[in-house]
Amino acid sequence: MEVHQLTQGFSSGDATSNMALRLQAVLGELGHASRIFSEPAHIGPRERERCLDAREHAGCSGPGNALIYHYGGASGLSDYFASVPDRKVLFFHNVTPPEYFRALFPATAARLEQARQDLRRLSACTDLCCGVSGFNLETLSGLPFRRTMLFPGWPDRALLDRPPSRAVLRQYAGNYTNILFVGRVAPNKKIEDLIATFACLKAGARGVNLRLIVAGTYVGLELYHAWLLALCRRMRLRDVIFTGHVSQEELNAFYRLAHAFLCASAHEGFCIPLLEATHFGVPVFAYDIPGVRETLGGSGVLFRERDFKRAAETVRLVLLNSALRDTIVAGQRERLKVFDETQLKGRTLEMLAKLEGDSGGGT
Amino acid sequence: MTTPFAEIGADAADKEQLMRDVDRNVRANETAGAYDDAALHEADKMQIRALPDDAEALSRVIAHLRESAAIDIGDFPIVNTGGPFGRLEVLVKRTIWKLMRFYTYRMFTQQREFNMQVVAVLEALWRREKSRGRNPERQNGDGRRAADGAT
């Protein structure tokens, strides 16, 4: 059985694209040919060899094959996915609630609302739905998916082990304590809360050079970026750096430079950067939301309330106490062991077994 | 027993003591006036979900542009990045920066003028849209939504 994949976009560093590539590798090891297809307009210019035009999928489509659709929002690809005769897997990466986008990006909010209807339609024709977290699957409750299974995201250790960018290490060297956040600069990430927490941290840690690094793209979200710059200006914060899109090597350098990873997101399906930070031995601090709680699985430090002052002081005291810091990181490393390569292969086999079981039942 | 503010994933840690220290330090900082409450109030005001619509957001972003259009040419700290030649590097960079000032000054001045003009045009456009009782961002959104619905 060939198991091909359909993504809504494909670019270097994108979490969904990385997931598709890793699945492709595992499927290949298991003897299943797997190619990745996407809308041509959303394939990164350097990725044309790794990702094909979605229209080419028709040539390898058939009832004996399977198609995995990586879903993150309403897209023209949904119609195509619904129409193919292949066995269908919907890989649900989460859809952000539209209310986070309504004020600044009403058109995006409308598309997110449309995604809910899109999912209802797709649920009727999908053989299996994989959710990257239990929380993700819960958000789908009420939709008539025939079968669902948990298939968490995995940090790609091969990418994280690439040498860090020397230019970034050099640029940000110096006597600074770096607080890092990695993710798209999007309203659901609540960067404004991150900035407020950082301001409290600065206030409580006089005499320490502190820097907040927000590593992630803001393409298409420039208004929110401008909004955050305005906030920094009004709060008279100079040491907040928005890096924009970073390469894997640059990202690895930022993880190396980080003393703490701070996440203020209000909505996450699953949060791979928390696991990536763990890979680099960085203690993780985050405000408590279901997707983050599930990713951390009891490790790291979770703040139950959005109390910036207490959150900041907790970060400061943990960073000052190296024994406590090391114990927290050790707990995170234990958690990271859950997400190893054998588990990924196991989940892929489980997914294939469910699909093949389906076809057996149908004949 | 009250639920602690933070859940700490470390078995050996004295979590209760840590939380007590956190509360004590926060109170001490508050008493000492360490926190910039006015700035934190700004953060509260800029909670996006509390905004009625994108018109309010755009107004505030344009106001910010006005504040930041006059770029600060002294806004680039030259820091010691360590290493055996760190201090020398800082000295050399500062000297180069000073020597180049006659050249960069002109570029920065032009950039500043251009920024101010752009902001002035944006403000004028925004005032005109508001006086017409329309919101350009909302219109774009509705246009796209209509296009999505047509496909």
Side-chain angles (χ1 to χ4, degrees), chain A residues 74 76 99-100 102-107 109-111 114 170-171 173-175 187 192-193 195-196 199-200 203-204 206 223-224 226-227 229-231 233-238 288 296 298-305 307-311 313-314 316-318 321 324 327-328 330-332 335, chain B residues 3-14 18-19 21-26 29-30 34-36 38-40 42-54 56-58 60-61 63-65 67-68 75 77 79-83 86 137-138 140-145 148-149 151:
Chain A
E99 55 264 30
Y100 292 104
R102 210 162 273 141
L104 294 183
F105 308 99
R111 281 198 295 278
Q114 198 192 326
R170 203 174 145 71
Q171 186 182 350
N175 187 23
E192 56 272 35
D193 286 2
I195 290 169
C200 293
R206 286 173 299 277
L223 196 57
Y224 182 53
W227 183 258
L229 291 177
L231 177 62
R233 194 175 182 84
R234 283 173 192 273
M235 295 184 82
R236 294 182 292 281
L237 288 173
R238 289 167 66 96
D288 187 8
L296 286 175
S299 68
V301 178
L302 269 185
F303 305 126
R304 291 201 175 97
E305 297 162 40
D307 181 333
F308 307 136
K309 292 175 183 173
R310 287 162 92 195
E313 192 56 24
T314 309
R316 193 181 78 84
L317 290 183
V318 169
N321 183 340
L324 175 57
T327 318
I328 289 168
Q332 290 174 213
R335 175 63 178 161
Chain B
T3 314
F5 162 69
E7 242 176 75
I8 298 170
D11 292 336
D14 187 349
L18 179 73
M19 287 300 103
D21 290 346
V22 165
D23 287 339
R24 192 191 61 229
N25 291 354
V26 167
N29 284 340
E30 283 176 336
Y35 299 117
D36 186 345
L40 288 174
E42 283 295 332
D44 264 352
K45 281 199 303 188
M46 292 186 76
Q47 291 289 324
I48 285 170
R49 285 178 83 178
L51 288 174
D53 53 30
D54 51 325
E56 174 66 23
L58 272 179
R60 291 204 208 171
V61 169
H64 159 65
L65 279 181
E67 290 167 19
S68 57
D75 195 26
V79 293
N80 188 340
T81 56
E137 176 77 2
R138 175 80 66 195
N140 286 342
D142 288 347
R144 262 202 200 152
R145 214 175 311 176
D148 285 347
T151 51

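All of these numbers come straight from a predicted model, not from anything done at the bench. All chains are named by letter (A, B, ...) in the order of the sequence lines, taking the proteins before the strands, and each is independently numbered beginning at 1.
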Student: Just verifying a value: how many Å separate A:Glu192 CD and A:Tyr224 OH, rounded to the nearest 0.5 Å?
Tutor: 3.5 Å

Student: Name the option with the most non-hydrogen atom pairs under 4.5 Å to chain B; the candidates are A:Ala199, A:Pro187, A:Cys200.
Tutor: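 Top option by heavy-atom pairs under 4.5 Å: A:Cys200.
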
Student: A:Gly300, A:Ser299, A:Ala226, A:Ala330: which one forms the most heavy-atom pairs within less than 4.5 Å of chain B?
Tutor: A:Gly300

Student: What part of A:Thr314 is in contact with chain B, defined as an atom under 4.5 angstrom from a non-hydrogen atom: side chain, backbone, both or neither?
Tutor: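 Contact with chain B is through both the backbone and side chain of A:Thr314.
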
Student: Looking at CG of A:Leu296 and CG of A:Leu302, how far apart are the two atoms once the value is rounded to the nearest 0.5 Å?
Tutor: 5.5 Å

Student: For each of A:Asn321, A:Leu231, A:Ile195, tally heavy-atom pairs with chain B at distances under 4.5 Å, and name the one with the top tally.
Tutor: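 Among A:Asn321, A:Leu231, A:Ile195, the one with the most close pairs to chain B is A:Leu231.
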
Student: Which atom pair, heavy atoms only, marks the closest approach of B:Ala6 to A:Phe303?
Tutor: CB-CD2, 4.0 Å

Student: Considering only heavy atoms and a distance below 4.5 Å, find which of B:Arg60, B:Glu30, B:His64 pairs most often with chain A.
Tutor: B:His64

Student: Short question: side chain of A:Arg304, backbone of B:Pro4 - any donor-acceptor pair under 3.5 Å?
Tutor: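 Yes: the side chain of A:Arg304 pairs with the backbone of B:Pro4.
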
Student: Looking at residues at least two apart in the chain, or sitting in another chain, which of them share a side-chain contact (heavy atoms from CB on, under 4.5 Å) with B:Ala39?
Tutor: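 A:Met235, B:Asp36.
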
Student: Considering only heavy atoms and a distance below 4.5 Å, find which of B:Asp44, B:Leu65, B:Asn25 pairs most often with chain A.
Tutor: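 Counting heavy-atom pairs under 4.5 Å, the top option is B:Asn25.
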
Student: Looking at chain B, which one of A:Ala196, A:Ala109, A:Ala203, A:Ala230 has the largest number of heavy-atom pairs inside 4.5 Å, strictly under?
Tutor: A:Ala230

Student: Does any part of the side chain of B:Phe5, heavy atoms only, come nearer than 4.5 Å to the side chain of B:Met19, both counted from C-beta?
Tutor: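 They are in side-chain contact.
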
Student: Below 4.5 Å from any heavy atom of chain B, which atoms of A:Arg310 appear? Answer side chain, backbone, both or neither.
Tutor: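 Its backbone and side chain both get close to chain B.
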
Student: Please identify, among A:Arg316, A:Arg234, A:Lys309, the residue contributing the most non-hydrogen atom pairs under 4.5 Å to chain B.
Tutor: A:Lys309

Student: Among the options A:Val318, A:Asn175, A:Leu229, pick out the one with the most heavy-atom pairs lying under 4.5 Å from chain B.
Tutor: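 The residue among A:Val318, A:Asn175, A:Leu229 with the greatest pair count is A:Leu229.
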
Student: Answer with side chain, backbone, both or neither: which region of B:Asn29 has an atom nearer than 4.5 Å to a non-hydrogen atom of chain A?
Tutor: side chain

